[in-house]
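As C-alpha cells, the structure follows; a few thoughts come after it.
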Amino acid sequence: MLNKMVNKLYNNIRTKLTSYQWHSFLSMVIGICVTDGRKSLKALTYLASSPALSRFFNGDKWPSKLLKRVQRKLALNLIKRHYWNQKGRNPTVYLLIDGTVLPKRGKELPKVGLHYDTRTKGLRRGQKLVISSLKVGKLLLPWDFRTYVNKAKCKEDDFAKSTQQAAEMIREFKRSFPLNCKVVVAVDGGLCVKRVIEAADESNFDLVGRVRKDRKLNDERSVSEVKSGTVAKLMGIDIPVQVVGRYMEGQREVLISTNTNIGPVQVRRRMKRRWWAEKMNGELKSLGLEDCSCRGEYSVERWTGLVMLAFTLLATVRYEKPVNQWPS
C-alpha cells in the first residue's frame, strides 16, 4: 500500500520539488496517512527530521496550488475510471458544502476567531473551514476549502461570510470541474440562502437544501404551511423552488429544490446525500485536520491541503479494484 502511495506521489509531484522538499513533503503525507493519535510535526519524521519538516512547512515557498491540482487530478481519475460513461450515461455529482469549526486555544495561532458551532449551538473559539466534497456513487472525495476569521465576533457576520464562501466555491467548481455531469449542490439550513441559491442557478446546477420552518414565500405564506410538491418562490429570491416536507427523528423538516420537475421522493433522496458532508468532515478530522498548532500565517491552509491530499491518496489506493470488489 505504501509503495503504491509513494509511486502516485512520485509520478505527480517529484519533478516539481527539490530533493530536500521532496523528502519533507513525502514524510508529512505518509505520516498523516499512517500515524495513529495526534499528528504533530515530530510524529511525522519518517524521512526528514523535525527541524527540516518545520522549515519546509513554515517556509515561504510552498506548493499549495500544486497540491490542489494533484489532489483534484487523483479525484477526477477515480470518477472517470469507475463511473464515467457507464451504461451509456454520465454520473450525477453531488457537491456537498458544509462548515466546521476546529476548536483552538492558543492566542498566537493564525486565523482564530469566535465562530458559530452547530454542535454547541453558540460561538466557539477556533478556526473555521468551509469544505466542499464530492459524492459520486460510492465515492466520497474532498474537493476544496475556504478559511476565514470572524473579526466581528457575532453569529450574523459568521453566517454571512460562510454563505459568501459557499457561493464562491460553487462558481469555482463550475470553472474547475471538467466533466460533463449533472451536478446537484446539497447544503444544510445555514447555507441555504439567497446568494448560494443564485450561485447554483447561475452555474446551471440543481440545489437541494433545508430551510427554516418560518421561511416565507413571496405570497407571505410560510413554507411549513404548504403541501409537499408545492412550487413557489422564496421571499426575495426570483427563482422557483419546490417545497418538500420530511420527518427526521420524529420532527418535520422543510426542504427546497430548485429542480421543480422531480417529485418529493427524489428531493428527499437527494437531500440524504448531504449527510456525507458531515462524514467527510469526520474522516478529515480522523486524519488530523484539527491537529495543526503551527503559528505560521498560512499553516491552516497548508495543513488542510496536506490532509485532503492524504485522504484522496488513500481513497485512490483503496478503490483501485473494480466497483464490485470494493469494501462496504
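A 4.5 Å side-chain heavy-atom check between Tyr46 and Val34 finds at least one atom pair inside the cut-off. In this structure, Ile262 and Arg270 have side chains that are in contact, with non-hydrogen atoms separated by less than 4.5 Å. The side-chain heavy atoms of Leu234 and Ile197, taken from C-beta on, include a pair separated by under 4.5 Å. A heavy-atom distance below 4.5 Å is not found between the side chains of Phe311 and Ser133. Inter-residue side-chain proximity for Lys161 and Asn150 is flagged as unmet; no heavy-atom pair is nearer than 4.5 Å. Put simply, the side chain of Asn259 does not reach to within 4.5 Å of the side chain of Gln266, judged on heavy atoms.
To the nearest 0.5 Å, atoms CZ (Arg195) and CD (Gln164) are separated by 5.5 Å. Annotation: the span from Lys138 atom NZ to Leu78 atom CG amounts to 14.0 Å, rounded to 0.5 Å.
Here the rule is salt bridge (Lys or Arg N to Asp or Glu O under 4.0 Å) with Lys128, and of Asp117, Asp158, Asp98, Asp157 only Asp158 fits it. The only option from Arg212, Arg246, Lys213 that meets the side-chain hydrogen bond (donor to acceptor under 3.5 Å, both in side chains) definition with Glu253 turns out to be Arg246.
In this structure, the side chain of Ser27 engages the main chain of Leu44 through a donor-acceptor pair within 3.5 Å. Ser132 places a side-chain N or O within 3.5 Å of a backbone atom of Asp144 that can act as its donor or acceptor partner.
A 6.0 Å sphere centred on CZ of Arg295 holds no more than 12 heavy atoms belonging to other residues, nucleotides or ligands.
Val101 belongs to no multi-residue hydrophobic cluster, having no ILVMFWY side-chain contact under 4.5 Å with any other such residue. Residue Leu109 belongs to a hydrophobic cluster whose other members are Val112, with links defined by side-chain heavy atoms closer than 4.5 Å.
Aromatic pair Phe173/Trp143: centroids less than 6.0 angstrom apart.
Because its NZ or CZ atom is not both nearer than 6.0 Å to the ring centre of Tyr94 and within 45° of the ring axis, Lys135 does not count as a cation-pi partner of that residue.
A pairwise comparison of heavy atoms in Tyr319 and Leu139 identifies CD1-CD2, 3.8 Å as the closest pair.
Classification of the Phe56-Trp62 ring pair by plane angle, with boundaries at 30° and 60°, yields tilted.
Glu283 has a carboxylate O that lies under 4.0 Å from a charged side-chain N of Lys279, or vice versa, which qualifies the two as a salt bridge. Salt-bridge check for Glu172 with Lys68: failed, with every basic side-chain N at 4.0 Å or more from each acidic carboxylate O.
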| message | Working note: Leu141 + Val136, criterion side chain to side chain contact (heavy atoms under 4.5 Å, CB included); need CA distance, chi angles, decisive distance, verdict. | response | CA-CA 8 Å; Leu141 302 164; Val136 188; over 6 Å; no

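Applying the side chain to side chain donor-acceptor pair (under 3.5 Å) rule to pairs touching residues 299-316 yields Lys111-Glu301, sequence neighbours excluded.
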